[in-house]
Amino acid sequence: MSDSQLWDDVDDYFTRHLAADDDALAAALRDSTAAGLPQVGVTATQGKLLQLLAQVQGARTILEIGTLGGYSTIWLARALPADGRLISLEYNPLHAEVATRNIARAGLDGIVEVRVGPALESLPKLADEHPPPFDLVFIDADKANNAHYVEWALRLTRAGSLIVVDNVVRGGRVADPGSTEPDVRGTRAAVELIGSHPRLSGTAVQTVGSKGYDGFALARVLG
């Protein structure tokens with residue numbers, strides 16, 4: 001058995017017992033695929049991890065940078081109280097349209113807002129609204145701008161907030177200091193920012209599974 005097949009089998013086992021999709025989640029995946037969206041979203045177990053992190057955090061407000069088809073958005077929004085708020089930023093109008101339908105079908109459109117446009121344009125506009133600090137920020141957008149997204153997350157959070165950056169391993173390429181690839185350079189910049197910033201304490205975890213070899217970074221805002 002190949003390593004990738006073994007990873008798939010273990011992922012399937014964990015998903016069946018710990019993070020099985022319900023009708024709304026399954027429909028979100030199905031409709032995203034039918035609309036031609038790239039298959040780069042979180043897995044079910046990763047979605048469940050995000051939900052648990054939000055619940056442990058006691059989150060009432062969540063910012064998501066990168067909506068795709070809304071699958072991760074649904075997992076996160078389900079951790080919020082009835083009067084909670086989740087704002088998700090999506091560059092692609094088609095992705096946002098699919099996500100909005102998926103979120104509404106899950107019954108979460110009352111607490112989730114999807115904003116369309118480049119995140120680096122949406123984030124200053126959001127800051128100008130002076131929203132309450134976000135309790136959790138999930139970053140899963142274009143990797144070249146990861147460090148910029150972490151900087152904005154710091155501006156929009158408070159002491160004790162969590163910042164999660166997805167896809168930081170890049171198949172192991174993140175370890176290459178000579179890489180000129182924008183996704184690697186942006187991810188390295190984000191990781192090094194987390195490691196050096198006086199207001200952040202963070203770590204990174206490597207993962208394997210149905211999406212291959214990857215991982216995520218997790219940072220707590222200190223002040």
Side-chain angles (χ1 to χ4, degrees), residues 32 37-43 46-47 49-50 53-54 62-73 75-76 86-96 99 114-127 133-134 136-157 161-222:
S32 296
L37 273 59
Q39 304 299 297
V40 294
V42 303
T43 63
Q46 291 166 343
L49 174 62
L50 291 171
L53 287 172
I62 295 174
L63 173 63
E64 180 181 50
I65 303 176
T67 317
L68 195 60
Y71 184 76
S72 58
T73 318
W75 279 108
L76 284 165
L86 189 156
I87 295 176
S88 190
L89 309 180
E90 174 53 47
Y91 172 79
N92 189 301
L94 171 61
H95 297 181
V114 178
R115 300 189 179 187
V116 184
L120 291 180
E121 295 178 9
S122 299
L123 287 162
K125 295 175 183 176
L126 176 60
F134 290 95
L136 187 149
V137 179
F138 178 48
I139 299 171
D140 190 14
D142 58 306
K143 311 309 174 186
N145 284 311
N146 270 344
H148 297 304
Y149 297 145
V150 172
E151 289 170 346
W152 273 107
L154 271 169
R155 291 185 59 178
L156 293 164
T157 52
S161 295
L162 289 180
I163 301 171
V164 183
V165 186
D166 203 12
N167 308 127
V168 298
V169 172
R170 315 307 300 157
R173 291 180 292 125
V174 72
D176 180 6
S179 176
T180 60
E181 297 171 273
D183 65 324
V184 174
R185 292 172 64 89
T187 299
R188 286 176 62 90
V191 169
E192 291 164 20
L193 175 62
I194 290 170
S196 63
H197 201 288
R199 290 185 59 214
L200 290 173
S201 176
T203 190
V205 177
Q206 301 181 72
T207 62
V208 295
S210 59
K211 294 294 177 68
Y213 174 39
D214 210 335
F216 62 92
L218 176 68
R220 185 172 188 264
V221 180
L222 300 178

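Everything numeric here is computed off the predicted structure, so don't read it as measured data. For the single chain, residues carry numbers from 1 onward in sequence order.
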Chemist: Taking side-chain hydrogen bond (donor to acceptor under 3.5 Å, both in side chains) as the definition, give me every residue that meets it alongside Ser72, ordered by chain and number, with sequence neighbours left out.
Modeler: Glu64
Chemist: Tell me every residue that passes side-chain contact (heavy atoms from CB on, under 4.5 Å) with Thr203, counting only those two or more places apart in sequence or in another chain.
Modeler: none
Chemist: I'd like to check the salt bridge (Lys or Arg N to Asp or Glu O under 4.0 Å) partners of Glu192; sequence neighbours left out, ordered by chain and number.
Modeler: Arg188
Chemist: Ser201: what forms a side-chain hydrogen bond (donor to acceptor under 3.5 Å, both in side chains) with it, not counting sequence neighbours?
Modeler: none
Chemist: On a heavy-atom basis, which atom in Val174 and which in Val184 lie closest, and how many Å separate them?
Modeler: CA-CG1, 4.1 Å
Chemist: Could you work out, with salt bridge (Lys or Arg N to Asp or Glu O under 4.0 Å) as the rule, every residue matching Glu181, not counting sequence neighbours?
Modeler: Arg173
Chemist: For Pro38, what residues pass the side-chain contact (heavy atoms from CB on, under 4.5 Å) criterion, not counting sequence neighbours?
Modeler: Val40, Leu68, His95
Chemist: Taking salt bridge (charged side-chain N to carboxylate O under 4.0 Å, His left out) as the cut-off, I'd like each qualifying pair that reaches into residues 201-222, sequence neighbours left out, listed once.
Modeler: none
Chemist: Do you know the tightest heavy-atom contact between Leu50 and Val42?
Modeler: CD1-CG1, 4.4 Å
Chemist: Partners of Arg115 by salt bridge (Lys or Arg N to Asp or Glu O under 4.0 Å), sequence neighbours excluded?
Modeler: Glu113, Glu129
Chemist: Test of understanding: with side-chain contact (heavy atoms from CB on, under 4.5 Å), list the residues that count as partners of Leu120, not counting sequence neighbours.
Modeler: Leu123, Asn145, His148, Tyr149, Trp152
Chemist: Applying side-chain contact (heavy atoms from CB on, under 4.5 Å), can you list everything that pairs with Pro133, at least two apart in sequence or on another chain?
Modeler: Arg158
Chemist: Only pairs at least two apart or in different chains count here, so list each salt bridge (charged side-chain N to carboxylate O under 4.0 Å, His left out) that has a residue in residues 200-210.
Modeler: none
Chemist: Compare every heavy atom of Asn92 with every heavy atom of Leu94, then report the nearest pair and how far apart it is.
Modeler: N-OD1, 2.8 Å
Chemist: Of all residues at least two apart in sequence or in a different chain, which pass the salt bridge (Lys or Arg N to Asp or Glu O under 4.0 Å) check with Arg170?
Modeler: Asp183
Chemist: Give the minimum heavy-atom separation between Ile163 and Leu154, together with the two atoms involved.
Modeler: CD1-N, 4.4 Å
Chemist: Which residue is it: Leu76, Val116, Thr73? I am looking for the one with a side chain to side chain contact (heavy atoms under 4.5 Å, CB included) to Ser88.
Modeler: Thr73
